[in-house]
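Notes follow once the structure below has been shown.
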Protein chains: 2
Amino acid sequence: MSNPTAPAAEAVRAEESVDARLFLQTVARTMRVLEGFGKKQGPQSLAELAAAAEIDKSAAQRICYTLQTLGYLERDAVSGGLRPGLKVLDRTFDFLRMHPLIERAVPVLAELRAMTGQRVDLSLPDDLSIIYAQRLQNRRETLVASLIGRRLPTWCSSGGRAMLACLPDAEVDSILHRSDRRRFTPHTVTDLAGIWEKIRAARRDGFAFTEQEWIMGEMVVAAAVTDAAERPVAAIHVAGSLADWDDRHFQLRMGPLVIEAARSISA
Amino acid sequence: MSNPTAPAAEAVRAEESVDARLFLQTVARTMRVLEGFGKKQGPQSLAELAAAAEIDKSAAQRICYTLQTLGYLERDAVSGGLRPGLKVLDRTFDFLRMHPLIERAVPVLAELRAMTGQRVDLSLPDDLSIIYAQRLQNRRETLVASLIGRRLPTWCSSGGRAMLACLPDAEVDSILHRSDRRRFTPHTVTDLAGIWEKIRAARRDGFAFTEQEWIMGEMVVAAAVTDAAERPVAAIHVAGSLADWDDRHFQLRMGPLVIEAARSISA
DNA sequence: CAGCGTCGTATTGTTCTGCGATACGGCCGC
DNA sequence: GCGGCCGTATCGCAGAACAATACGACGCTG
């Protein structure tokens, strides 16, 4: 598991009031098969995918055969196992292209990256997680695989807290309570009071700041992008290394820049 | 339409010998609905998606309802139309994480970008197109939306030609003949003889070079990544602007670097 | 080498799922 | 107020998808 925030709650969410008349179980099974890759690393066997999707081997066989025919699944050359196919990237492209924010954001992010020289990210909220939609690396960012689609917990990420700061208290509480607030580094703030303190600071400053709460040696400044109704729809992050910056100076320099960038693509 | 290479041939390819016994039409319809976004810009209505997928409104309704429930489709806040959902990015992440090359390539690409200061891309071959799987922008790359999943024609892109150069002549001919060799800029080389000349040059030099064949003012040097059987499985690109470089110097400087980078992630 | 487990693949009759014609209410604008 | 188009809802029937089953290959392991 590489995407750390368990999307388990979402299944529950979806279950509650589905109109069985309109819900196609074949479609759901198909998607569950594709989601089977989230579990563990490396190509999967047919049986593994069947188990992950909670269907029998016959159903998995038909679904995988079809997906493979369509290009959404490929056979790995060496292991013979299955992995997501190239067509997936076509859907990624559609998502990015159709998204109301992304295209507007890309130039702003590029400029921000040029001004700061740091890694710049755009993330989108999804209840308990945020998900990276666009990433511009800096020079030395090599180790942390900076991939699109990576999820981070809302409650402990800078972007997540920036977006929480835009929500009414009740919604913040709901998210915090439903989150699995585990410790990722010795510096992760996991208690409710501490997190609320950070959120209040974000409301006051206009940006959120986290220091080594997710990765040691990394600090992040983030500001929320809002829609016409002032609801948070994205966050812009600037990440820096403690090796290069004093935390106070980092905030003073980056804070105004991310606020300005976020404001410029808000509705 | 923003992804220029028509993936029409693929439908033909898939059609030829499908085992109807194992092929689930509901799955195929579902994917066709998701592919409906490739056609035109902006959120789509239910009816538009139905038309694009060549199904009636009832089927589209059930499929879209299900996909929406699962998070693969979202309603656009302003227009009320449908667009790809956040869950798509989860599948992107799985694809990138499971791919045998990507994780190995990311550090190499980052280093290459640091050395050159130019835009660096990794693309994967898919018959008549290549598809960007990883992109590291340079400072001023802002206008051209540099999105993951973008497709380029194999025959006129630098990466595509670098990969063609690794294939036997018959396969190259097949791809060239099936391609729609339209002109994109006044400099696009569209005649078979000219393209073959470029491919032979790539075989000789170890890298391909294109100049303003896709975008005016842009030139690209690319080298192919090969697997154990010497088949091309990816290409590494370095793109530069004619405003900054003399074309000869660009080749001399970047050629050896992309070759070395490509070699270091080849099997 | 025989035996076992697990893999992917193929086949079949049955049943329940997905089909599609049809109908309803809301909204816009020629 | 009309006609068109939208999204939504309904329902009996056909047939698509189901699941149990069987087959051959491969890799263990005793």
Side-chain angles (χ1 to χ4, degrees), chain A residues 14-34 36-37 39-85 98, chain B residues 14-34 36-37 39-40 42-70 72-85 98:
Chain A
E15 219 91 37
E16 16 194 78
S17 65
V18 288
D19 186 341
R21 211 78 57 83
L22 290 173
F23 191 85
L24 301 191
Q25 77 160 5
T26 306
V27 175
R29 287 176 167 197
T30 302
M31 292 319 188
R32 286 217 305 276
V33 166
L34 287 173
F37 291 102
K39 316 283 179 181
K40 61 171 189 256
Q41 184 58 276
Q44 309 279 76
S45 76
L46 191 60
E48 284 173 314
L49 286 175
E54 293 178 304
I55 54 179
D56 60 46
K57 219 173 53 168
S58 291
Q61 178 190 6
R62 290 187 297 268
I63 290 171
C64 289
Y65 174 83
T66 309
L67 287 175
Q68 204 179 335
T69 303
L70 298 175
Y72 289 94
L73 238 41
E74 287 172 8
R75 289 223 163 271
D76 191 68
V78 293
S79 68
L82 291 159
R83 56 179 165 79
M98 295 305 201
Chain B
E15 218 90 37
E16 20 192 73
S17 65
V18 289
D19 187 340
R21 211 80 55 88
L22 290 173
F23 192 85
L24 301 191
Q25 77 159 5
T26 306
V27 175
R29 288 176 165 198
T30 302
M31 292 321 190
R32 285 216 307 274
V33 167
L34 288 173
F37 291 102
K39 317 284 179 181
K40 63 170 187 254
Q44 309 278 78
S45 75
L46 192 60
E48 285 173 315
L49 286 175
E54 295 178 303
I55 56 180
D56 61 43
K57 218 172 55 167
S58 291
Q61 178 191 7
R62 289 188 294 267
I63 291 171
C64 288
Y65 174 84
T66 309
L67 287 175
Q68 202 180 337
T69 303
L70 298 174
Y72 288 94
L73 239 40
E74 286 171 10
R75 291 225 100 88
D76 191 67
V78 292
S79 67
L82 291 160
R83 56 179 164 78
M98 296 304 201

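- Residues B/Ala28 and A/Leu70 come closest through the heavy atom pair CA-CD1, 3.8 Å.
- As a whole-Å value, the separation of B/Gln44 CD from D/dG7 P is 11 Å.
- Across the protein-nucleic acid pair, A/Ile55 atom CD1 and C/dT17 atom P stand 15 Å apart, rounded to whole Å.
- A/Leu49 places its CG atom 17 Å from the P atom of C/dT6, with the value rounded to the nearest Å.
- Atom CG in A/Leu22 sits about 12 Å away from atom P in C/dG18, given to the nearest Å.
- For the pair A/Met31 and B/Leu67, the minimum side-chain heavy-atom distance is below 4.5 Å.
- Checked by atom type and distance alone, the side chain of B/Arg75 pairs as donor or acceptor with a backbone atom of B/Gly80 at under 3.5 Å.
- Comparing C/dT9, C/dG18, D/dT8 by their closest approach to the side chain of A/Leu46 singles out C/dT9.
- Taking 4.5 Å as the limit, every side-chain heavy atom of A/Thr69 sits out of range of all side-chain heavy atoms of B/Leu22.
- The partner of C/dC30, taking Watson-Crick or G-U wobble pairs whose two distances both stay under 3.5 Å, does not exist in any strand shown.
- Note that CZ of B/Phe37 and CD of B/Gln44 are 6.0 Å apart. Values are rounded to the nearest 0.5 Å.
- The side-chain heavy atoms of B/Leu34 and B/Leu73, taken from C-beta on, include a pair separated by under 4.5 Å.
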| query | Reading nucleotides 20-27 of chain C from the 5' end, what letters show protein touch, with B for base, S for backbone sugar-phosphate only, - for no heavy atom under 4.0 Å? | reply | BBB-----

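- In this model, the phosphate group of D/dA17 is approached by a side-chain N or O of B/Thr26 to a distance below 4.0 Å at OP1 or OP2.
- Between B/Tyr65 atom OH and D/dT10 atom P there is a gap of 12 Å when expressed in whole angstrom units.
- Atom P of nucleotide D/dA16 and atom CD1 of A/Ile63 are separated by 17 Å, given to the nearest angstrom.
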